[in-house]
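Inspection log for the structure reproduced underneath, given as structure tokens.
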Amino acid sequence: YQVFGYGFSKKNGGRVKGGKKIEIIGELAFDMSNLKSIEFHEGLKAIKREAFFMNFDFNIDKGYDDPLTFPSTLEEIGNKAFTNCSSLRAVTIPANVKFGQQIFSNCGMLNKISFEEGAKEIGYAMFMGCEKIYNISIPASVEVIGSKAFQQCSQLRTITVAEGNQHFTAKDNVLFTKDMKNLLVFPAQNIGVKKYEIPNGVERLATASFALTSTLQEVVIPESVDSIGPLAFGRSTSLKKINIPSKVRVIDVGTFDGSEKLEEVIFSEGLQEIGETAFQRCINLTNFHLPSTLKIIGKKAFSEAFSKFEPLELPTSLDSIGYQAFYKTAFGGTLTIPESVTKWGRESFNYMGDVDTVIINSKAVVPMGAFYLSTVHNLRIGKNVPGMQNGAFWSQYHISWLESVEIEEGMKFMGDNNFDGRYTRITIPNSVETMGIYNFGSPELKTLDLGTGLKSTGYLTDSPKLDYL
């Protein structure tokens, strides 16, 4: 027999006792049902996807130390089967069961986890977002710990591994694989540790391995490390200083996202890619220099990341700049987009703070909104730039600081609304063949010199001071 999917979905409250003939509880069978308690009987073989998803009062009848248990006949628990059961306080992880993903994720009151004798697996993201878990004791029988198993366990203080475990070990309250090559979890509330030196020989930092740490200020990463996983230091709220070893080629998605106190990053030569959101919202980042080997800066890599930085030097090796890569950042002096850039995402420098001069030498088209609503005083566009899309230096209401514009021969086209500012003259090179509308939004414009190659253009300007065309 089975309880079919959606059978009791979204019913209001109640208590369930599984009959001895029920072998399968189907997908979403009791999701959002506000169950007060559940009792499983021998004979049950499978609990399918989201079967008890989002039961906020789940097992509220049970005592504080009375765990949710499962029958010995159980073979499978599906994805998110008990996700968001926010009143669930204790659970016993069964042995010999195939686990799906995120089975107990976001169970906000869960803080007591025990294991049946012989339990071999802690599934992918099994306890992700369980903010009341303080301690984890991994038995000797466990052979697999899935990625993100303890991600966002923001109150986790201690991790221990039983003697005799052949696959994992804990050293100084940090979880590693037995061979000490993979660092898996540094507890978010590893109280009192301000500086941590990763043991030499470690090769990989796992996904979210240091995420949400609250007291850790500096991490020293040895040269043996060649891989840092996504979100590894995400929202590490006290982290101030970090080094990136020379074997690391990629800083992954969100690696330092939200680490608001991060000030100094020491990059090594050899780094090739800074990934999407890698340093997003690192608002105090002031001390770093990009290595000469860097090729890719990903989408939102430094979005909202720094506001007191001196001139930013983009290396001549750089090939790609992603969407909003430097959104809402600020740095002084001169910014040069090197000739090596062939891919350039839109809005990459929009809302950027005070920059004296922007020099564009790239072989890529200047993308839509590249410097939209940014404070740029002087602009020089080199011969390699093939064209400009819409709104590259648009300020929407024409409140802009652009004082001078120089364009070398070579550009072929311009879109719309490209040069807002307060410049008094501009010369369009003979190579430009087409222009869109309202490209010259300076109320101070007096002289506009259009090149001899121009074949078509839209509305030019409404400057009241224009006296030479």
Side-chain angles (χ1 to χ4, degrees), residues 276 296-303 312 314 318-329 335-353 355 357-402 404-421 423 426-442 445 448-451 453-462:
E276 182 176 328
I296 299 170
I297 298 175
K299 174 182 175 183
K300 296 190 175 185
F302 290 94
S303 176
L312 176 69
L314 298 178
L318 190 63
D319 176 66
S320 177
I321 303 173
Y323 166 74
Q324 291 193 346
F326 293 93
Y327 168 76
K328 279 192 177 181
T329 57
L335 171 67
T336 300
I337 311 298
E339 182 180 345
S340 57
V341 172
T342 63
K343 306 177 196 68
W344 190 352
R346 63 188 177 91
E347 302 176 24
S348 45
F349 296 91
N350 67 332
Y351 283 92
M352 188 178 65
V355 177
T357 302
V358 170
I359 302 172
I360 302 176
N361 292 324
S362 73
K363 294 178 181 178
V365 171
V366 182
M368 180 182 293
F371 294 87
Y372 168 68
L373 284 174
S374 294
T375 305
V376 177
H377 295 276
N378 303 286
L379 172 64
R380 286 159 41 193
I381 299 176
K383 62 184 179 180
N384 296 312
V385 180
M388 301 182 75
Q389 295 180 348
N390 298 341
F393 288 84
W394 186 38
S395 65
Q396 191 169 7
Y397 301 110
H398 316 305
I399 303 171
S400 174
W401 297 103
L402 196 58
S404 69
V405 180
E406 298 176 23
I407 308 173
E408 292 185 26
E409 291 287 342
M411 180 180 287
K412 296 290 187 182
F413 69 92
M414 296 180 192
D416 304 332
N417 298 291
N418 273 309
F419 300 111
D420 281 354
Y423 51 88
I426 189 168
T427 298
I428 303 304
N430 297 328
S431 56
V432 173
E433 298 177 354
T434 61
M435 296 193 305
I437 62 170
Y438 209 85
N439 272 302
F440 310 107
S442 169
L445 183 61
L448 176 57
D449 194 347
L450 301 176
L454 190 63
K455 297 178 181 179
S456 67
T457 182
Y459 183 78
L460 293 170
T461 182
D462 62 0

Using a 4.5 Å cut-off on heavy atoms from C-beta on, say whether the side chain of [Y] contacts that of [X].
| X | Y | answer |
| --- | --- | --- |
| Val376 | Met352 | yes |
| Leu454 | Ile428 | no |
| Phe413 | Glu433 | no |

Can you name the residues that form a salt bridge (Lys or Arg N to Asp or Glu O under 4.0 Å) with Lys343, not counting sequence neighbours? Asp319
For the residue pair Asn439 / Asn418, report whether a side-chain donor-acceptor contact shorter than 3.5 Å exists.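 The criterion, which ignores hydrogens and geometry beyond distance, is satisfied for Asn439 and Asn418.
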About how many Å separate CD1 of Ile296 and CD1 of Ile321, when rounded to the nearest 0.5 Å? 11.5 Å
Do [X] side-chain atoms and [Y] backbone N/O form a donor-acceptor pair below 3.5 Å?
| X | Y | result |
| --- | --- | --- |
| Asn390 | Gly369 | no |
| Ser374 | Phe349 | yes |
| Ser340 | Leu318 | yes |
| Thr357 | Asn378 | no |

Can you run down the salt bridge (Lys or Arg N to Asp or Glu O under 4.0 Å) pairs that involve residues 358-373, sequence neighbours left out, and say none if there aren't any?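 The answer is Glu339-Lys363.
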Can you name the one residue among Ile360, Val355, Asp420, Asn350 that meets side-chain contact (heavy atoms from CB on, under 4.5 Å) with Phe371?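 Going through the options one by one, the only one that passes is Ile360.
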Parallel, tilted or perpendicular: which fits the ring planes of Phe419 and Phe440, with parallel below 30° and perpendicular above 60°?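 Phe419 vs Phe440 ring planes: parallel.
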How are the rings of Tyr351 and Tyr372 set to each other: parallel, tilted or perpendicular (split at 30° and 60°)?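 Ring orientation of Tyr351 relative to Tyr372: perpendicular.
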